[in-house]
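Report on the structure given below.
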Amino acid sequence: MNISYKRKWLIQKISIVLFIALSISLFLLGKNINFFDYQSALNFVKLKTNAILIFLLILSIMIHFNIGISSIIDDYFHKSFRKKILILKNFLLVVLFGITILSLYLIIN
């Protein structure tokens with residue numbers, strides 16, 4: 001799927017705004033939590049609302065990262081090597097996203 005540069009720019013700006021908003025909201029929700037205590041941190045993440053916010057935060061970070069790294073790869077790597085790096089980048093993002101979903105699922109249940 002080929003996305004125009006305007007759309008990539010817009011998606012990247014929306015993802016950074018979501019990242020900032022979700023970071024602030026999670027900070028405010030967890031400001032009274034002692035995260036040095038494992039059980040307190042676990043209880044914070046076990047709340048479904050907080051888990052959803054954490055999931056959305058990581059999703060917005062991955063979207064922003066994907067577009068940014070793809071732009072860097074497109075600009076600075078030779079065409080023959082670019083496709084291999086993009087495939088590797090996409091594979092790593094899928095693995096990280098899968099680990100994120102699995103981790104949050106295992107914590108909640």
Side-chain angles (χ1 to χ4, degrees):
M1 183 166 106
N2 195 2
I3 301 175
S4 71
Y5 289 114
K6 286 181 184 179
R7 279 212 180 123
K8 285 181 182 179
W9 181 87
L10 183 63
I11 292 169
Q12 199 165 28
K13 299 311 170 201
I14 291 170
S15 69
I16 198 65
V17 169
L18 284 173
F19 168 67
I20 292 169
L22 290 166
S23 296
I24 291 170
S25 64
L26 280 168
F27 174 77
L28 293 174
L29 286 171
K31 69 180 177 182
N32 295 327
I33 307 284
N34 179 14
F35 285 102
F36 292 113
D37 177 34
Y38 176 76
Q39 196 60 41
S40 297
L42 191 62
N43 289 337
F44 178 78
V45 178
K46 276 189 175 184
L47 294 172
K48 290 197 190 310
T49 308
N50 294 344
I52 291 170
L53 291 175
I54 291 169
F55 172 76
L56 292 174
L57 175 68
I58 292 173
L59 180 65
S60 69
I61 290 170
M62 287 188 175
I63 290 170
H64 188 81
F65 173 81
N66 186 24
I67 294 172
I69 292 297
S70 293
S71 297
I72 291 170
I73 291 170
D74 287 341
D75 290 344
Y76 292 105
F77 285 92
H78 192 268
K79 192 172 185 174
S80 62
F81 193 54
R82 185 182 312 153
K83 189 169 185 173
K84 293 174 187 173
I85 293 176
L86 288 172
I87 290 171
L88 179 63
K89 175 204 55 107
N90 289 336
F91 174 74
L92 290 174
L93 279 174
V94 167
V95 168
L96 286 174
F97 194 65
I99 290 170
T100 300
I101 292 171
L102 181 64
S103 299
L104 286 172
Y105 177 77
L106 291 175
I107 288 172
I108 291 173
N109 292 326

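Values reported hereafter were calculated over all heavy atoms of this structure, with side chains retained and with hydrogens, waters and symmetry mates removed. Note that the structure is a prediction, hence the values are computed from the model and not measured.
L102 is not connected to L96 by any chain of hydrophobic side-chain contacts under 4.5 Å among Ile, Leu, Val, Met, Phe, Trp and Tyr, and they are in different clusters. The hydrophobic clustering, which links ILVMFWY residues whose side-chain heavy atoms are closer than 4.5 Å, places L106 and V95 apart. In the hydrophobic clustering of ILVMFWY residues, with side-chain heavy atoms under 4.5 Å counting as a link, L29 and I24 come out together. Residue I20 is grouped with residue I11 when hydrophobic side chains (ILVMFWY) are merged at heavy-atom distances under 4.5 angstrom, including chains of intermediate members. The cluster map of Ile, Leu, Val, Met, Phe, Trp and Tyr, joined by side-chain heavy atoms under 4.5 Å apart, puts F91 and F81 in different clusters.
Listed here is the closest heavy atom pair of L86 and S70: CD2-OG, 4.0 Å. The nearest pair of heavy atoms linking S60 to L22 is OG-CD1, 4.4 Å.
Here the straight-line distance linking atom CD1 of I16 with atom CD1 of I63 works out to 11.5 Å at 0.5 Å rounding. Rounded to the nearest 0.5 angstrom, L26 CG and L56 CG are separated by 9.5 Å. Within the model, atoms OG1 of T100 and CD1 of I61 stand 9.5 Å from one another, a figure rounded to the nearest 0.5 Å. Here F77 contributes atom CZ and D75 contributes atom CG; the two are 11.0 Å apart, rounded to the nearest 0.5 Å. Taking CG of L88 as the start and CG of L93 as the end, the distance is 9.5 Å to the nearest 0.5 Å. Note that NZ of K46 is 6.5 Å distant from CD of Q39, once rounded to the nearest 0.5 Å.
A ring pair (Phe, Tyr, Trp, His ring centres under 6.0 Å) check over residues 20-52, counting only residues at least two apart or in different chains, returns the pairs F35-F44. Sorted by first then second residue, the side chain to side chain donor-acceptor pair (under 3.5 Å) pairs that include residues 5-27, not counting sequence neighbours, are S15-H64.
Applying the ring-ring contact (aromatic ring centres under 6.0 Å, His included) criterion to F19, with sequence neighbours excluded, gives no partner residue. Applying the side chain to side chain contact (heavy atoms under 4.5 Å, CB included) test to I101 and every residue at least two apart in sequence or in another chain returns F55, F97. Listed by chain and number, the residues in a side chain to side chain contact (heavy atoms under 4.5 Å, CB included) with V45 are I54, L104, I107 (sequence neighbours excluded).
Remark: side-chain polar atoms of N66 are not paired, donor with acceptor, to backbone N or O of M62 under 3.5 angstrom.
Cluster note: I108 groups with no other residue, as no ILVMFWY side-chain heavy atom lies under 4.5 Å from it.
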Trace of the side chain to side chain contact (heavy atoms under 4.5 Å, CB included) decision for L57 with L53: CA-CA 6 Å; L57 175 68; L53 291 175; over 6 Å; no

